[in-house]
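Both backbone and side-chain heavy atoms feed into the values below; hydrogens, waters and symmetry mates do not. In what follows, residues are counted from 1 in the order of the sequence shown. All ligand and atom numbering here is 1-based and tracks the order in the structure.
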Amino acid sequence: MDQLLLIRGGVPLRGRVRVNGSKNASLPIMAATLLTDESTVIEDVPNLLDVSSMIAVLKGLGASVDYRPGQGRLWVTPGSLQQASLPVELAGRMRASFLVLGPLLARRKKVRIPLPGGCAIGSRPVDLHLKGLSALGARFHIEKGLVEGASDGLQGARIYLDFPSVGATENIIMAAALARGTTILENAATEPEIVDLANCLNSMGAQIVGAGTSRIRIEGVPELGGTRHVVIPDRIEAGTLLLAGVITGGSVIVEHVIPDHLKALLAKLAEAGAKVEELGPSTIKASAGERIAAVDLKTMPYPGFPTDLQPQFMSLLALAEGTSVVVETVFENRFRHVEGLNSMGAQIKVEGRQAVIHGRPALTGAPVSATDLRGAAALLLAALAAQGETKLNEVHHLWRGHCGLEERLALLGARIELISEEPERALNMGSHSG
Ligand code: UD1
(Lines give C-alpha, C1' and ligand atoms only; values in the text may rest on other atoms or scores of the structure.)
Protein backbone atom coordinates (compact mmCIF):
# COMPACT_ATOMS: atom_id res chain seq x y z
CA MET A 1 0.00 0.00 0.00
CA ASP A 2 1.30 3.45 -0.86
CA GLN A 3 1.04 6.09 1.80
CA LEU A 4 0.31 9.78 1.83
CA LEU A 5 0.64 12.47 4.42
CA LEU A 6 -2.36 14.58 5.31
CA ILE A 7 -1.26 17.91 6.73
CA ARG A 8 -3.54 20.57 8.15
CA GLY A 9 -1.28 23.60 8.07
CA GLY A 10 -1.08 26.89 9.86
CA VAL A 11 0.12 25.73 13.30
CA PRO A 12 3.35 27.34 14.55
CA LEU A 13 5.70 24.50 15.54
CA ARG A 14 7.35 24.76 18.92
CA GLY A 15 9.56 22.52 20.99
CA ARG A 16 12.72 20.42 21.00
CA VAL A 17 13.66 17.62 18.65
CA ARG A 18 16.68 15.30 18.40
CA VAL A 19 18.37 14.96 15.05
CA ASN A 20 19.18 11.46 13.74
CA GLY A 21 22.55 10.17 12.59
CA SER A 22 23.55 11.28 9.09
CA LYS A 23 22.28 9.32 6.10
CA ASN A 24 25.02 10.62 3.83
CA ALA A 25 27.70 9.68 6.36
CA SER A 26 26.21 6.25 7.10
CA LEU A 27 26.05 5.09 3.46
CA PRO A 28 29.76 5.50 2.54
CA ILE A 29 30.82 4.17 5.94
CA MET A 30 28.68 1.10 5.34
CA ALA A 31 30.50 0.65 2.01
CA ALA A 32 33.84 1.12 3.81
CA THR A 33 33.16 -1.89 6.03
CA LEU A 34 33.91 -4.00 2.93
CA LEU A 35 37.57 -2.95 3.13
CA THR A 36 38.29 -5.49 5.87
CA ASP A 37 37.28 -9.08 6.53
CA GLU A 38 36.76 -8.19 10.21
CA SER A 39 33.58 -6.94 11.90
CA THR A 40 32.71 -3.27 12.11
CA VAL A 41 30.06 -1.73 14.35
CA ILE A 42 28.47 1.53 13.25
CA GLU A 43 26.40 3.51 15.74
CA ASP A 44 23.57 6.01 15.21
CA VAL A 45 22.68 4.64 11.79
CA PRO A 46 19.22 6.04 10.93
CA ASN A 47 16.36 3.69 10.07
CA LEU A 48 15.80 4.76 6.47
CA LEU A 49 14.93 3.20 3.12
CA ASP A 50 18.39 4.11 1.80
CA VAL A 51 20.02 2.31 4.73
CA SER A 52 17.88 -0.78 4.03
CA SER A 53 18.96 -0.60 0.38
CA MET A 54 22.63 -0.41 1.39
CA ILE A 55 22.15 -3.35 3.78
CA ALA A 56 20.72 -5.31 0.84
CA VAL A 57 23.78 -4.34 -1.24
CA LEU A 58 26.20 -5.52 1.47
CA LYS A 59 24.28 -8.78 1.90
CA GLY A 60 24.20 -9.19 -1.89
CA LEU A 61 28.00 -9.12 -1.79
CA GLY A 62 28.05 -11.89 0.79
CA ALA A 63 28.53 -9.81 3.94
CA SER A 64 26.74 -10.72 7.12
CA VAL A 65 24.79 -7.75 8.46
CA ASP A 66 22.82 -7.25 11.65
CA TYR A 67 20.92 -3.99 12.12
CA ARG A 68 19.05 -3.00 15.29
CA PRO A 69 17.03 0.05 14.21
CA GLY A 70 15.87 0.85 17.78
CA GLN A 71 19.49 1.28 18.91
CA GLY A 72 20.77 2.56 15.56
CA ARG A 73 23.49 -0.08 15.75
CA LEU A 74 24.72 -1.92 12.67
CA TRP A 75 27.20 -4.81 12.57
CA VAL A 76 28.86 -5.78 9.30
CA THR A 77 31.17 -8.75 8.82
CA PRO A 78 32.17 -9.00 5.14
CA GLY A 79 34.45 -12.02 5.52
CA SER A 80 36.39 -12.90 2.39
CA LEU A 81 33.92 -11.18 0.00
CA GLN A 82 33.18 -14.13 -2.25
CA GLN A 83 30.83 -12.06 -4.41
CA ALA A 84 32.35 -9.13 -6.27
CA SER A 85 29.35 -8.47 -8.48
CA LEU A 86 26.08 -6.83 -7.66
CA PRO A 87 22.64 -7.57 -9.14
CA VAL A 88 21.07 -4.74 -11.20
CA GLU A 89 18.00 -4.65 -8.99
CA LEU A 90 20.09 -3.76 -5.91
CA ALA A 91 22.20 -1.12 -7.64
CA GLY A 92 19.14 0.49 -9.23
CA ARG A 93 17.58 1.36 -5.88
CA MET A 94 19.96 4.19 -5.11
CA ARG A 95 23.00 5.94 -6.45
CA ALA A 96 25.02 5.39 -3.27
CA SER A 97 25.29 1.67 -4.16
CA PHE A 98 28.11 2.78 -6.49
CA LEU A 99 30.21 3.51 -3.39
CA VAL A 100 31.03 -0.19 -3.07
CA LEU A 101 33.11 0.04 -6.26
CA GLY A 102 36.22 1.49 -4.57
CA PRO A 103 36.24 -1.01 -1.68
CA LEU A 104 35.57 -3.97 -4.00
CA LEU A 105 38.39 -2.97 -6.36
CA ALA A 106 40.73 -2.61 -3.42
CA ARG A 107 40.03 -6.18 -2.29
CA ARG A 108 39.27 -8.11 -5.51
CA LYS A 109 40.98 -8.23 -8.88
CA LYS A 110 37.73 -8.24 -10.84
CA VAL A 111 34.46 -6.57 -9.96
CA ARG A 112 31.18 -6.03 -11.76
CA ILE A 113 28.53 -3.56 -10.69
CA PRO A 114 25.65 -1.91 -12.54
CA LEU A 115 25.70 1.79 -13.26
CA PRO A 116 23.43 3.55 -10.78
CA GLY A 117 19.89 4.03 -12.11
CA GLY A 118 18.44 7.21 -13.62
CA CYS A 119 17.71 9.98 -11.21
CA ALA A 120 15.11 12.67 -10.75
CA ILE A 121 17.59 15.46 -10.01
CA GLY A 122 19.87 15.39 -13.05
CA SER A 123 21.93 12.99 -15.12
CA ARG A 124 24.54 12.42 -12.38
CA PRO A 125 27.27 10.58 -14.27
CA VAL A 126 30.06 8.58 -12.59
CA ASP A 127 32.92 9.68 -14.84
CA LEU A 128 34.85 11.28 -11.96
CA HIS A 129 34.66 8.07 -9.92
CA LEU A 130 36.00 6.03 -12.84
CA LYS A 131 38.69 8.56 -13.76
CA GLY A 132 40.02 8.63 -10.20
CA LEU A 133 39.98 4.87 -9.79
CA SER A 134 41.66 4.49 -13.22
CA ALA A 135 44.47 6.73 -12.01
CA LEU A 136 44.97 4.19 -9.21
CA GLY A 137 45.44 1.49 -11.83
CA ALA A 138 41.93 0.08 -12.29
CA ARG A 139 40.72 -0.69 -15.82
CA PHE A 140 37.05 -0.32 -16.73
CA HIS A 141 34.82 -1.66 -19.42
CA ILE A 142 31.21 -0.47 -19.59
CA GLU A 143 28.66 -2.46 -21.47
CA LYS A 144 24.88 -2.74 -21.24
CA GLY A 145 24.76 -0.66 -18.09
CA LEU A 146 27.37 -2.77 -16.29
CA VAL A 147 30.74 -1.51 -15.10
CA GLU A 148 33.38 -4.21 -15.19
CA GLY A 149 36.49 -3.26 -13.30
CA ALA A 150 39.81 -5.05 -13.07
CA SER A 151 43.17 -4.35 -11.51
CA ASP A 152 46.46 -6.09 -10.78
CA GLY A 153 46.67 -4.27 -7.46
CA LEU A 154 46.00 -0.57 -6.96
CA GLN A 155 48.87 1.88 -6.90
CA GLY A 156 48.79 5.33 -5.24
CA ALA A 157 48.69 8.31 -7.59
CA ARG A 158 48.21 12.06 -7.79
CA ILE A 159 44.59 12.76 -8.78
CA TYR A 160 42.89 16.05 -9.58
CA LEU A 161 39.08 16.06 -9.55
CA ASP A 162 37.52 18.34 -12.18
CA PHE A 163 34.66 18.94 -9.74
CA PRO A 164 34.69 18.22 -5.97
CA SER A 165 32.24 15.32 -6.24
CA VAL A 166 31.30 13.87 -2.87
CA GLY A 167 30.83 10.31 -4.11
CA ALA A 168 33.99 10.30 -6.26
CA THR A 169 36.04 11.62 -3.33
CA GLU A 170 34.65 8.82 -1.13
CA ASN A 171 35.24 6.05 -3.66
CA ILE A 172 38.81 7.23 -4.30
CA ILE A 173 39.72 7.56 -0.60
CA MET A 174 38.41 4.07 0.11
CA ALA A 175 40.30 2.47 -2.77
CA ALA A 176 43.49 4.44 -2.05
CA ALA A 177 43.43 3.34 1.61
CA LEU A 178 44.53 -0.14 0.49
CA ALA A 179 46.61 0.89 -2.57
CA ARG A 180 50.41 0.59 -2.61
CA GLY A 181 52.09 3.94 -1.92
CA THR A 182 50.80 7.48 -1.60
CA THR A 183 47.72 9.05 -3.16
CA ILE A 184 47.22 12.79 -3.25
CA LEU A 185 43.70 13.87 -4.12
CA GLU A 186 43.36 17.50 -5.20
CA ASN A 187 40.11 19.47 -5.45
CA ALA A 188 38.51 16.86 -3.19
CA ALA A 189 35.06 17.43 -1.72
CA THR A 190 35.25 18.91 1.78
CA GLU A 191 31.83 17.90 3.13
CA PRO A 192 31.62 16.84 6.80
CA GLU A 193 30.57 13.37 5.63
CA ILE A 194 33.99 12.99 3.95
CA VAL A 195 35.67 13.80 7.27
CA ASP A 196 33.47 11.26 9.04
CA LEU A 197 34.38 8.59 6.49
CA ALA A 198 38.11 9.38 6.81
CA ASN A 199 37.85 9.24 10.63
CA CYS A 200 36.20 5.84 10.41
CA LEU A 201 38.82 4.58 7.93
CA ASN A 202 41.65 5.88 10.12
CA SER A 203 40.19 4.01 13.08
CA MET A 204 40.30 0.88 10.86
CA GLY A 205 44.04 1.50 10.41
CA ALA A 206 44.09 3.72 7.32
CA GLN A 207 46.46 6.69 7.05
CA ILE A 208 44.49 9.61 5.70
CA VAL A 209 45.26 13.26 6.38
CA GLY A 210 43.62 16.41 5.08
CA ALA A 211 40.00 15.21 4.91
CA GLY A 212 37.81 18.30 5.13
CA THR A 213 40.27 20.27 3.00
CA SER A 214 40.52 20.13 -0.77
CA ARG A 215 43.84 18.20 -0.61
CA ILE A 216 43.69 14.75 0.91
CA ARG A 217 46.77 12.57 1.32
CA ILE A 218 46.39 8.83 1.72
CA GLU A 219 49.29 6.50 2.56
CA GLY A 220 48.15 3.05 1.48
CA VAL A 221 48.35 0.26 4.06
CA PRO A 222 48.36 -3.51 3.37
CA GLU A 223 45.21 -4.20 5.34
CA LEU A 224 42.53 -2.67 7.51
CA GLY A 225 40.77 -4.06 10.57
CA GLY A 226 37.33 -3.79 12.13
CA THR A 227 36.30 -0.83 14.25
CA ARG A 228 33.45 0.86 16.10
CA HIS A 229 32.33 4.22 14.76
CA VAL A 230 29.55 6.67 15.67
CA VAL A 231 28.27 8.62 12.66
CA ILE A 232 27.85 12.39 12.79
CA PRO A 233 24.40 14.01 13.13
CA ASP A 234 22.45 14.65 9.94
CA ARG A 235 22.98 18.32 9.05
CA ILE A 236 20.30 18.21 6.35
CA GLU A 237 17.67 16.83 8.70
CA ALA A 238 18.70 19.42 11.31
CA GLY A 239 18.27 22.19 8.74
CA THR A 240 14.89 20.86 7.63
CA LEU A 241 13.60 20.83 11.23
CA LEU A 242 14.90 24.36 11.91
CA LEU A 243 13.16 25.53 8.74
CA ALA A 244 9.94 23.84 9.92
CA GLY A 245 9.98 26.10 12.98
CA VAL A 246 10.68 29.28 11.04
CA ILE A 247 8.29 28.68 8.13
CA THR A 248 5.36 28.06 10.49
CA GLY A 249 6.05 31.22 12.48
CA GLY A 250 7.15 29.14 15.47
CA SER A 251 10.39 28.23 17.17
CA VAL A 252 12.22 24.89 17.08
CA ILE A 253 15.24 23.74 19.08
CA VAL A 254 17.29 20.99 17.45
CA GLU A 255 19.50 18.84 19.65
CA HIS A 256 22.40 16.61 18.59
CA VAL A 257 23.76 18.87 15.84
CA ILE A 258 27.20 20.18 14.94
CA PRO A 259 26.51 23.91 14.47
CA ASP A 260 29.63 24.35 12.34
CA HIS A 261 28.12 22.03 9.70
CA LEU A 262 25.11 24.35 9.35
CA LYS A 263 26.91 27.69 8.95
CA ALA A 264 25.59 28.50 5.47
CA LEU A 265 21.98 27.76 6.39
CA LEU A 266 22.17 29.66 9.67
CA ALA A 267 23.65 32.69 7.92
CA LYS A 268 20.85 32.68 5.32
CA LEU A 269 18.17 32.25 7.99
CA ALA A 270 19.57 35.24 9.88
CA GLU A 271 19.78 37.26 6.65
CA ALA A 272 16.12 36.49 6.02
CA GLY A 273 15.20 37.84 9.45
CA ALA A 274 14.86 34.65 11.50
CA LYS A 275 16.34 34.56 15.00
CA VAL A 276 19.07 31.93 15.29
CA GLU A 277 20.69 31.05 18.63
CA GLU A 278 23.30 28.49 19.57
CA LEU A 279 22.07 27.29 22.94
CA GLY A 280 25.01 24.94 23.52
CA PRO A 281 27.74 23.03 21.67
CA SER A 282 25.17 20.75 20.00
CA THR A 283 21.90 22.68 20.28
CA ILE A 284 20.47 25.34 17.96
CA LYS A 285 17.24 27.29 18.19
CA ALA A 286 15.63 29.04 15.22
CA SER A 287 12.57 31.24 15.59
CA ALA A 288 10.55 33.25 13.12
CA GLY A 289 10.86 37.01 13.43
CA GLU A 290 8.49 39.33 11.61
CA ARG A 291 7.67 38.28 8.05
CA ILE A 292 10.67 36.62 6.40
CA ALA A 293 12.59 38.87 3.98
CA ALA A 294 13.56 37.74 0.48
CA VAL A 295 17.18 36.60 0.11
CA ASP A 296 19.20 35.34 -2.84
CA LEU A 297 21.15 32.13 -2.63
CA LYS A 298 23.38 29.93 -4.70
CA THR A 299 24.06 26.28 -3.91
CA MET A 300 27.73 25.32 -3.79
CA PRO A 301 29.87 22.43 -2.62
CA TYR A 302 30.56 22.59 1.14
CA PRO A 303 31.02 25.00 2.91
CA GLY A 304 28.63 26.76 0.52
CA PHE A 305 24.86 26.51 0.80
CA PRO A 306 23.96 22.80 0.49
CA THR A 307 21.97 21.72 -2.54
CA ASP A 308 20.19 19.26 -0.23
CA LEU A 309 18.57 22.19 1.62
CA GLN A 310 17.78 24.31 -1.43
CA PRO A 311 14.23 22.95 -1.98
CA GLN A 312 13.28 23.36 1.71
CA PHE A 313 14.69 26.91 1.82
CA MET A 314 12.75 27.73 -1.33
CA SER A 315 9.51 26.91 0.49
CA LEU A 316 10.42 29.54 3.05
CA LEU A 317 11.24 32.07 0.32
CA ALA A 318 7.83 31.40 -1.27
CA LEU A 319 6.40 33.12 1.83
CA ALA A 320 9.00 35.90 2.06
CA GLU A 321 8.44 39.60 1.53
CA GLY A 322 9.95 40.49 -1.83
CA THR A 323 11.64 38.62 -4.66
CA SER A 324 14.41 36.06 -4.19
CA VAL A 325 16.68 34.41 -6.73
CA VAL A 326 17.95 30.87 -6.16
CA VAL A 327 20.73 29.50 -8.36
CA GLU A 328 21.37 25.76 -8.30
CA THR A 329 24.96 25.07 -9.36
CA VAL A 330 25.41 21.48 -8.16
CA PHE A 331 22.59 19.62 -9.94
CA GLU A 332 21.10 20.49 -13.28
CA ASN A 333 17.52 19.54 -12.52
CA ARG A 334 16.72 20.22 -8.92
CA PHE A 335 13.61 22.36 -9.18
CA ARG A 336 11.02 19.62 -9.50
CA HIS A 337 9.39 20.70 -6.25
CA VAL A 338 8.45 24.04 -7.86
CA GLU A 339 5.35 22.63 -9.57
CA GLY A 340 3.96 21.47 -6.22
CA LEU A 341 4.82 24.76 -4.51
CA ASN A 342 3.14 26.73 -7.29
CA SER A 343 0.00 24.64 -7.00
CA MET A 344 -0.09 25.73 -3.35
CA GLY A 345 -0.10 29.36 -4.50
CA ALA A 346 3.63 30.10 -4.68
CA GLN A 347 4.88 32.29 -7.52
CA ILE A 348 8.09 30.72 -8.74
CA LYS A 349 9.53 30.86 -12.25
CA VAL A 350 12.34 28.56 -13.29
CA GLU A 351 14.75 29.27 -16.10
CA GLY A 352 17.56 26.78 -16.45
CA ARG A 353 19.43 26.63 -13.18
CA GLN A 354 17.79 29.75 -11.77
CA ALA A 355 14.49 30.17 -9.95
CA VAL A 356 12.88 33.54 -9.29
CA ILE A 357 10.55 33.49 -6.31
CA HIS A 358 7.99 36.26 -5.80
CA GLY A 359 7.10 35.88 -2.14
CA ARG A 360 3.40 35.61 -1.23
CA PRO A 361 1.75 36.46 2.09
CA ALA A 362 0.25 32.95 2.33
CA LEU A 363 0.12 29.52 0.69
CA THR A 364 -2.95 27.31 0.51
CA GLY A 365 -3.13 23.54 0.98
CA ALA A 366 -3.48 21.41 -2.15
CA PRO A 367 -2.93 17.83 -3.30
CA VAL A 368 0.74 17.58 -4.32
CA SER A 369 3.16 14.81 -5.26
CA ALA A 370 6.76 14.42 -4.14
CA THR A 371 9.29 13.72 -6.88
CA ASP A 372 12.47 13.28 -4.86
CA LEU A 373 13.64 13.20 -1.25
CA ARG A 374 14.50 16.84 -0.63
CA GLY A 375 11.63 18.04 -2.82
CA ALA A 376 9.30 15.97 -0.62
CA ALA A 377 10.67 17.75 2.45
CA ALA A 378 10.11 21.12 0.74
CA LEU A 379 6.46 20.33 0.00
CA LEU A 380 5.98 19.10 3.56
CA LEU A 381 7.36 22.36 4.97
CA ALA A 382 5.12 24.41 2.68
CA ALA A 383 2.14 22.30 3.75
CA LEU A 384 2.90 22.89 7.44
CA ALA A 385 2.79 26.63 6.81
CA ALA A 386 -0.13 26.69 4.35
CA GLN A 387 -3.72 27.49 5.17
CA GLY A 388 -5.95 24.44 4.86
CA GLU A 389 -5.27 20.83 4.03
CA THR A 390 -2.50 19.32 1.91
CA LYS A 391 -2.30 15.75 0.72
CA LEU A 392 1.34 14.87 0.07
CA ASN A 393 1.47 11.88 -2.31
CA GLU A 394 4.47 9.72 -3.23
CA VAL A 395 5.62 10.14 0.33
CA HIS A 396 7.98 7.15 0.06
CA HIS A 397 10.56 9.65 -1.25
CA LEU A 398 10.61 11.17 2.24
CA TRP A 399 11.33 7.83 3.96
CA ARG A 400 14.54 7.54 1.95
CA GLY A 401 16.06 10.23 4.14
CA HIS A 402 13.87 10.79 7.20
CA CYS A 403 12.85 8.41 9.94
CA GLY A 404 9.68 9.00 11.96
CA LEU A 405 9.55 12.60 10.71
CA GLU A 406 5.76 12.91 10.89
CA GLU A 407 5.75 11.71 14.52
CA ARG A 408 8.46 14.15 15.50
CA LEU A 409 6.67 17.03 13.74
CA ALA A 410 3.44 16.07 15.51
CA LEU A 411 5.28 16.33 18.84
CA LEU A 412 6.17 19.90 17.84
CA GLY A 413 2.46 20.59 17.33
CA ALA A 414 1.95 19.79 13.64
CA ARG A 415 -1.41 18.36 12.58
CA ILE A 416 -0.09 15.59 10.40
CA GLU A 417 -1.35 12.09 9.68
CA LEU A 418 0.01 9.17 7.69
CA ILE A 419 -2.67 7.53 5.58
CA SER A 420 -2.43 4.30 3.61
CA GLU A 421 -3.88 4.34 0.12
CA GLU A 422 -5.74 1.78 -1.97
CA PRO A 423 -3.30 -0.81 -3.42
CA GLU A 424 -4.24 0.05 -7.04
CA ARG A 425 -3.00 3.59 -6.51
CA ALA A 426 0.38 2.44 -5.24
CA LEU A 427 3.25 3.28 -7.55
CA ASN A 428 6.68 1.78 -7.91
CA MET A 429 9.51 3.35 -5.99
CA GLY A 430 12.07 5.20 -8.11
CA SER A 431 15.86 5.03 -7.89
CA HIS A 432 16.91 8.36 -6.66
CA SER A 433 19.56 9.85 -4.49
CA GLY A 434 19.77 12.91 -2.34
C1 UD1 B 1 26.09 13.38 -2.52
C2 UD1 B 1 24.94 13.25 -1.57
C3 UD1 B 1 23.76 14.08 -2.05
C4 UD1 B 1 24.18 15.52 -2.29
C5 UD1 B 1 25.41 15.59 -3.19
C6 UD1 B 1 25.96 17.00 -3.32
C7 UD1 B 1 25.22 11.03 -0.66
C8 UD1 B 1 24.73 9.64 -0.56
N9 UD1 B 1 24.55 11.86 -1.48
O10 UD1 B 1 25.66 12.85 -3.77
O11 UD1 B 1 22.74 14.04 -1.05
O12 UD1 B 1 23.13 16.22 -2.92
O13 UD1 B 1 26.46 14.76 -2.65
O14 UD1 B 1 26.22 17.55 -2.08
O15 UD1 B 1 26.16 11.41 0.00
N16 UD1 B 1 29.17 14.44 -11.05
C17 UD1 B 1 29.74 14.21 -12.27
N18 UD1 B 1 30.53 13.10 -12.42
C19 UD1 B 1 30.75 12.23 -11.40
C20 UD1 B 1 30.17 12.49 -10.14
C21 UD1 B 1 29.38 13.62 -9.99
O22 UD1 B 1 29.54 14.96 -13.23
O23 UD1 B 1 31.47 11.24 -11.59
C24 UD1 B 1 28.29 15.62 -10.89
C25 UD1 B 1 26.87 15.22 -10.58
O26 UD1 B 1 26.17 14.94 -11.74
C27 UD1 B 1 26.35 16.42 -9.84
C28 UD1 B 1 27.58 16.94 -9.12
O29 UD1 B 1 28.70 16.34 -9.75
O30 UD1 B 1 25.90 17.39 -10.75
C31 UD1 B 1 27.60 16.61 -7.64
O32 UD1 B 1 27.61 15.21 -7.46
P33 UD1 B 1 28.31 14.51 -6.23
O34 UD1 B 1 29.01 15.51 -5.39
O35 UD1 B 1 29.08 13.36 -6.74
O36 UD1 B 1 27.04 13.99 -5.43
P37 UD1 B 1 26.72 12.52 -4.92
O38 UD1 B 1 27.95 11.94 -4.29
O39 UD1 B 1 26.00 11.76 -5.95
query = Based purely on interatomic distance, does Glu170 place a nitrogen or oxygen under 3.5 Å from a nitrogen or oxygen of ligand 1?
reply = no
message = What I want to know is whether Thr307 and ligand 1 share at least one N or O pair that is separated by under 3.5 angstrom.
response = no
inquiry  = Using a 3.5 Å distance criterion without hydrogens, assess whether the side chain of Thr299 forms a donor-acceptor pair with backbone atoms of Thr329.
reply    = yes
inquiry  = Counting only heavy atoms from other residues, nucleotides and ligands, does the tally under 6.0 Å from CZ of Arg112 exceed 12?
reply    = no
ask   = Counting each atom of ligand 1 from 1 as listed, which ones have a heavy atom of Arg334 under 4.0 Å away?
value = 12 (O)
key: For the student: nearest non-hydrogen atoms of His337 and Leu379, plus distance   = O-CD2, 3.7 Å
message = Which of the numbered atoms in ligand 1 are under 4.0 angstrom from any heavy atom belonging to Phe163?
response = 28 (C), 29 (O), 31 (C)
remark   = One should read off an interatomic distance between Leu242 CG and Lys285 NZ, to the nearest 0.5 angstrom, of 12.0 Å
task = Rounded to the nearest 0.5 Å, what's the gap from CG on Asn187 to CZ on Phe163? Could you check?
result = 8.5 Å
task = Run the numbers for me: atoms of ligand 1, each under 4.0 Å from some heavy atom of Val330, listed by number.
result = 27 (C), 28 (C), 30 (O), 31 (C)
key: Glu394 side chain to Ser369 side chain, donor-acceptor N/O pair below 3.5 angstrom   = no
query = Would you say ligand 1 has an N or O under 3.5 Å from any N or O of Val166?
reply = yes
ask   = Does the N or O separation between Pro125 and ligand 1 drop below 3.5 Å for any pair?
value = yes
request  = Below 4.0 angstrom from a heavy atom of Arg95, which ligand 1 atoms are there? Numbered from 1 as shown, please.
outcome  = 20 (C), 21 (C), 39 (O)
request  = Please name the residue in the list Arg408, His256, Lys23 that meets the side chain to side chain donor-acceptor pair (under 3.5 Å) test with Glu237.
outcome  = Arg408
query = Can you find an N or O of Ser165 that's nearer than 3.5 Å to an N or O of ligand 1?
reply = yes
Closest contact, heavy atoms only, His229 versus Asn199 = CE1-CB, 4.2 Å
ask   = Which atoms of ligand 1 have any heavy atom of Gly167 under 4.0 Å away?
value = 35 (O), 38 (O)
contact_flag Glu193 ligand 1 heavy-atom lt 4.0 Å = no
Subset of ligand 1 atoms that lie under 4.0 Å from at least one heavy atom of Asp127 = 17 (C), 18 (N), 19 (C), 22 (O), 23 (O)
ask   = Can a donor-acceptor pair be found between the side chains of Thr40 and Thr33 at a distance below 3.5 Å?
value = no
query = Does the N or O separation between Pro164 and ligand 1 drop below 3.5 Å for any pair?
reply = no
